[in-house]
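Residue numbers count from 1 along this sequence. Note that ligands are numbered from 1 as they come in the structure, with each ligand's atoms numbered from 1 the same way. Computed from a predicted model, the values in this text were never measured in an experiment.
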Amino acid sequence: MATDPLQKNAAAASEAVVPVDTSKDDGRPLVRFDKVVKRYGDHVVLDQLDFTVERGEHVTLIGPSGSGKTTILRLLMTLERVSDGVIWINGEPLTHTRAADGSLKPASEKQLRVARRRIGMVFQQFNLFPNMKVLQNITEAPVNVLGMDRDKAETRARELLDLVGLSGKVDAHPSQLSGGQQQRVAIARALAMEPEILLLDEVTSALDPELVAGVLELLSDIARNTDITMLCVTHEMNFARDVSEKVLMFDAGRVVESGSPEKIFSDPSHERTREFLNAVL
Ligand SMILES: Nc1ncnc2c1ncn2[C@@H]1O[C@H](COP(=O)(O)OP(=O)(O)OP(=O)(O)O)[C@@H](O)[C@H]1O
Ligand SMILES: [Mg+2]
């Protein structure tokens, strides 16, 4: 089971896996979307979107297909560029560079590459490197992107595999693992970069039903036992209720409403939210 190794390593996890620098905690939100617009051609996907995420908060994004949830995560991961507006991390522009005169200019590719290191993402399709063993899947980015010493990266990778309950699979190839196991490796790989923020995009929706609970349990444990900030797109409403302090309901590229899971799931204010929840629950 995932829980045991995690609980065993909970103290180590909060030290080694997620080093939260409280000196940066100056009361500013960790993430701020400031009138963010994303267009593809004439199609406005995000429409002057404003929202914030506090450090350590676990936020669930819900909303109908096409409402822009994945786009939000891809913008944060700097896999896409904003069409307008600014994303701020810790009071610093993620999407922009501050010029000498104080104005904001779109960030260079180099700046985005550096920014990307602070954020980890786990996708619906696990996207493991098929030609690499499990251990190397996890050490690849710390060694090649962060310049971490290989021995140190391997030690940490083994700790993380223990954390996700897969210490026996160090030498396996992804094709030799179940979907749930591959997703656990993907989670370990994201954590190996010691991200400040973990983005999760429907990480259980490609899994066979019997594998879903184990992965959700692992994520709940990470949410409970570490200080990592999580932004999670999911249709698993029980999970959302369990781990998140805030739910944001999106429709047509805007926040329709936000609040505690209790409020949003039991007593939503907007008809659009009621319709959506009726359709998914
Ligand atoms: N690369 C792209 N080029 C053109 N349009 C795109 C691109 N990526 C996304 N879109 C459009 O942006 C809108 C939002 O897509 P997004 O994937 O963010 O939705 P979503 O809320 O994640 O939906 P789902 O619940 O189905 O995953 C959709 O209408 C989609 O067609
Ligand atoms: Mg999506």
Exercise for review: If you have a sec, work out which protein heavy atom is nearest atom 12 (O) of ligand 1 and how many Å separate them, to one decimal?
Suggested key: V45 CG2, 3.2 Å

Exercise for review: Determine, for F123 and R74, whether the Lys NZ or Arg CZ falls below 6.0 Å from the six-membered ring centre while staying within 45 degrees of the axis.
Suggested key: no

Review point. In the protein, which heavy atom is nearest to atom 4 (C) of ligand 1, and how far is it?
Key: Y40 CG, 3.3 Å

Check your understanding: With a cut-off of 6.0 Å (strictly less than), are more than 12 heavy atoms of other residues, nucleotides or ligands near NZ of K152?
Key -> no

Practice item. Decide whether a cation-pi geometry holds between K38 and Y40; the criteria are a distance under 6.0 Å from NZ or CZ to the six-membered ring centre and an angle within 45° of the ring axis. Key: yes

Exercise for review: Please state whether G68 comes within less than 4.0 angstrom of ligand 1, counting heavy atoms only.
Suggested key: yes

Check your understanding: Judged by non-hydrogen atoms, does P64 sit under 4.0 Å from ligand 1?
Key -> yes

Review point. Which residue from H43, K38, H235, K69 reaches closest to atom 25 (O) of ligand 1 through any of its heavy atoms?
Key: K69

Practice item. Using distance alone, with no hydrogens and no angle criterion, decide if Q124 and S205 have a side-chain donor and acceptor under 3.5 Å apart. Key: yes

Practice item. Heavy-atom contacts with T70 under 4.0 Å: which atoms of ligand 1 show up? List them by number with element. Key: 17 (O), 18 (O), 20 (P), 22 (O), 27 (O)

Review point. Looking only at side chains, do H58 and E245 share a donor and an acceptor under 3.5 Å apart?
Key: yes

Study note, to complete from the structure: Counting from 1 in the order shown, the ligand 1 atoms closer than 4.0 Å to a non-hydrogen atom of E202 are 25 (O), 27 (O)

Check your understanding: V203 and I119: same hydrophobic cluster, using ILVMFWY side-chain contacts below 4.5 Å?
Key -> no

Point to revise | Heteroatoms of the protein, restricted to N/O/S, which lie under 2.8 Å from the Mg ion (ligand 2) | key: T70 OG1

Point to revise | S67 versus D251, side-chain donor and acceptor atoms under 3.5 Å | key: no

Check your understanding: Does V134 reach the side chain of Q136, with side-chain heavy atoms less than 4.5 Å apart?
Key -> no

Check your understanding: Can you find a side-chain donor-acceptor pair between E154 and T139 that sits under 3.5 Å?
Key -> no

Exercise for review: Specify whether the nearest protein heavy atom to atom 30 (C) of ligand 1 is under 4.0 angstrom away.
Suggested key: no

Practice item. Compare S205, S67, S65 and give the one whose heavy atom is closest to atom 24 (P) of ligand 1. Key: S65

Review point. Under the 3.5 angstrom rule, does the side chain of N144 hit a backbone N or O of E140 as a donor-acceptor pair?
Key: yes

Practice item. Would you mind checking which non-hydrogen protein atom is closest to atom 23 (O) of ligand 1, with the distance to 0.1 Å? Key: G66 N, 2.8 Å

Review point. Considering only protein heavy atoms, which is closest to atom 18 (O) of ligand 1, and at what distance to one decimal place?
Key: T71 OG1, 2.5 Å

Check your understanding: Using a heavy-atom cut-off of under 4.0 Å, does the side chain or the backbone of R74 touch ligand 1, or both, or neither?
Key -> neither

Point to revise | S83 side chain to R39 backbone, donor-acceptor under 3.5 Å | key: yes

Practice item. Consider only side-chain N and O atoms of R116 and T78, and report whether a donor and an acceptor are under 3.5 Å apart. Key: yes

